[in-house]
Each structure stands twice: as C-alpha cells, then as structure tokens.
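First comes the structure, then the notes that go with it.
Only this structure's heavy atoms are used, side chains among them; waters, hydrogens and symmetry mates stay out. Naming convention: chains lettered A, B, ... in sequence-line order (proteins, then strands); numbering from 1 in each chain.
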Amino acid sequence: METGAIPLDSVGPFDLQATVESGQTYLWDRADGNMYETMSAHGGDHWYETVVPPIAGVSDERAVVRVRQADGRLEWESTTDAVPILRHLLRLDDDLDAIVESTPDLPLLNRAYEQYRGMRLVRDPVFPCLISFICSAQMRVSRIHGMQMRMAERFGDPVEFDGRTLHAFPNAEQLAARTEDELRDLSLGYRAPYVQRTAEMVAGDASNEHGAVDPAAARDMAYEEAREYLTQFVGVGDKVADCVLLFSLDFLEAVPLDTWIRTAIADYYPECDAGGYAETSRAIRERFGGEYAGYAQTYVFYYLRAGGE
DNA sequence: GCCCAGGAAGGGG
DNA sequence: CCCCTTCATGGG
C-alpha cells in the first residue's frame, strides 16, 4: 500500500465531503461508516474509497484509492500513486476561485457559493456515470448510491485492499450479461431494463446490429450535439445526458434541468422558462454565465436540496 | 394509506 | 411537436 498527502494550499478551496456527497457521484463509499448520515458543511473528516478503472493518460491499471481531508490536506492510501488519480477524479486543477469570480453576481448563486465554497465538480469514469444517472430517475440520492454499491458488490470484480475485499463497478460486458430480473433484485425497479439494454449497447452485444456505442465519443462533439448523442441510450433523456456531460465528460457549461433547478427557475428566474428543454437550458445557461454554468447549477442544486432559499 | 424522489418511455392527439 | 400516463421502490 502506498500513502501520501496532497497539500491543499496550492489547490485552493476544497471540501471533500461536499464534493463526494452532493449527489454528483455515486461511486465513492465511506470506509468508516454510512454515507449521508451527517451532511454538515465542513464537518466531515471521513475516509472515502473507490475502485478506479484505468484512465487514459492518468493511470494504466485499476487502482483502489482511499482519501480523507484533514489538517488542510488530502491524505490518501492506495494501490498506486494516487495523486494524479485524485487530481483527475476531484478536479483539483480547476481554479475554483477564478470560476466563482467569473460567475454572474446573482443573490441565490452567491449564497450557494458562500455556503459550500470548496465543493468541486467531479470527473467520474463515463460508463459508471452513465449507469448511475440512468438509475437516478425519480430516486433519492442515498438510494441511487445504494444501487451502485449493490451492482458493484454483486456483479463487479472483487479487489483485495488493506485486508478487505472491495468491488469494482461492473463494466458494460458484465452488466450486459445480467438479466433484467437480476437487476430488479437489486431494487432498480423500472430502471432495470434501461440499465441492461444500455449496457448491451455499450458492450456491442450481438443484438445490436450497429455494434458498440461509445458514450465517451460525446466528448469530442459540440455541446448540444453531444447531449443529443447520449440520448440514444435507453433510459437517457436530456437531463441524464446533461449529468453525464457535466460530471464525466468535461462539459462544464451543461445545466441539468432537474426538479430542483426547475423550481429555482420558477422562483428566481421565471423569464428563463422557455418551454422546451433545449430552450430553457440555453436561457439558464446564459443566466449562469455560460462557460461554467454547470458549476453554478451544482451549487444551487446542493444548496436548495439542503434546505436553502 | 398518501406523497415524493437529480425522469424517461410509449402512446395519442 | 406537445401532453398524458405508466413505470418500482422505500422513507417520511
């Protein structure tokens, strides 16, 4: 096991608990207790862990990463050098101060940024992110997380680390090989066939005459074209597509129109409600400053969901 | 029991 | 194109 620490004074504002437990990613788990038990703004110094697939240009092999925030730094334990992996997954290279500074001066936005300053967007691996947000339909954050943990435990590769057995998130082939009923047994409900069929599309199963469809191909497209591209997957509409673009594929301008942000639009920016998804999305994206509108959306989402007004 | 949760698919107008 | 209903499941 390798260990180390990343000093945060060069990273800028950072809040690990808010980043990992704000409903952007469902792939981390607390190593020292149940997720979402306490939601204090800066209270947690919990250990979080995840099994990370190989990432092109970052890490060649599967890795286990465990991390906590304490004494102004990120302490980590891993199967390998976790520094580049953590930089990648937690977007430590984002200049958060500059992003906040470039954001429009809106009261709601200012309150959210002030309350949770330090929360970063995440950069999840794309297939687990896609499956996570297919599962997110009409579901609470803690239960979405539970679904991903159960899929990993049941269908993913076991990985030994520090005397315990963790499980990697299953790849497309592993999920495509499961039946709808096996997924329903994990309490996925009506999302089970969506997950199964999307996994088949990504895996390039024989039932798909067009061969494998790569969700990561959206990365190289223009924003709205990329969103349209992702909606070809079963269980993926405009909102889930925006989540994948924002939380995995570096489209920081993406503003997922979920129930919370729609409420915010109705209460604070009614002139941005232009009817259809694409038009409303365009309007609120411009209202939130364009380039980093997704950062603003994620802060507002977390702020409102925690009870802010 | 009712209502809701980071929605999407399928049908009809 | 938009509008409507249906789709599981658990917690308040």
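- Not one side-chain nitrogen or oxygen of Ser187(A) sits closer than 4.0 Å to the OP1 or OP2 atom of dA8(C).
- Salt-bridge formation is detected for the pair Asp250(A)/Arg91(A): a Lys NZ or Arg NE/NH1/NH2 atom is positioned less than 4.0 Å from an Asp or Glu carboxylate oxygen.
- Nucleotides dG7(B) and dC1(C), compared at atom P, are 22 Å apart to the nearest Å.
- Of all nucleotides listed (dC4(B), dT9(C), dG7(B)), dC4(B) comes nearest to the side chain of Arg140(A).
- Comparing Thr231(A) and Thr298(A) by the nucleotide of DNA chain B that holds the closest heavy atom to each, the one mapping nearer the 5' end is Thr298(A).
- Note on Arg191(A): a base of the nucleic acid sits closer than 4.0 angstrom, heavy atoms only.
- With dA8(B), dG10(B), dA8(C) as the candidates, the nucleotide lying closest to the side chain of Arg197(A) is dG10(B).
- Nucleotide dC1(C) holds its C1' atom 11 Å from the CD atom of Glu279(A), rounded to whole Å.
- Atoms CD (Glu228(A)) and C1' (dA8(B)) sit 14 Å apart, rounded to a whole Å.
- Across the protein-nucleic acid pair, Arg184(A) atom CZ and dC7(C) atom P stand 10 Å apart, rounded to whole Å.
- Here Arg62(A) pairs with Asp157(A) in a salt bridge; the nearest charged N to carboxylate O distance falls below 4.0 Å.
- Contact check on Arg219(A) versus Asp214(A) returns no salt bridge, with no Lys/Arg side-chain nitrogen under 4.0 Å from an Asp/Glu carboxylate oxygen.
- The CD atom of Gln232(A) sits 15 Å away from the P atom of dA8(B) (whole-angstrom rounding).
- The phosphate of dG7(B) (OP1 or OP2) has a side-chain N or O of Gln138(A) nearer than 4.0 angstrom.
- Between the side chain of Tyr190(A) and the base of dG7(B), a donor-acceptor pair under 3.5 Å is found.
- Rounded to a whole Å, the CE atom of Met201(A) is 10 Å from the P atom of dA9(B).
- Between Arg143(A) and dT9(C), a side-chain N or O to OP1/OP2 separation shorter than 4.0 Å is absent.
- Along DNA chain B, the nucleotide nearest to Ser142(A) and the one nearest to Val236(A) differ in position, and the one closer to the 5' end is contacted by Ser142(A).
- Under the 4.0 Å criterion applied to side-chain N and carboxylate O atoms, Arg154(A) and Asp185(A) are not assigned as salt-bridge partners.
- Nucleotides dT6(C) and dG13(B) have their P atoms positioned 15 Å apart, rounded to a whole Å.
- Between the OH atom of Tyr277(A) and the P atom of dG7(B) there is a distance of 11 Å, given to the nearest Å.
- Rounded to the nearest Å, the gap between the P atom of dG11(B) and that of dA8(C) is 15 Å.
- Regarding Arg150(A), its CZ atom lies at a distance of 8 Å from the P atom of dG10(C), rounded to whole Å.
- Rounded to an integer number of Å, the gap from Met147(A) CE to dG10(C) C1' is 10 Å.
- A perpendicular orientation is assigned to the rings of Phe288(A) and Tyr269(A), their planes being inclined by more than 60° (bins at 30° and 60°).
- For the 3.5 Å distance criterion, the side chains of Tyr302(A) and Gln115(A) fail to qualify, holding no donor opposite an acceptor.
- Gly23(A) comes within 4.0 angstrom of a nucleotide base, judged by non-hydrogen atoms across all strands.
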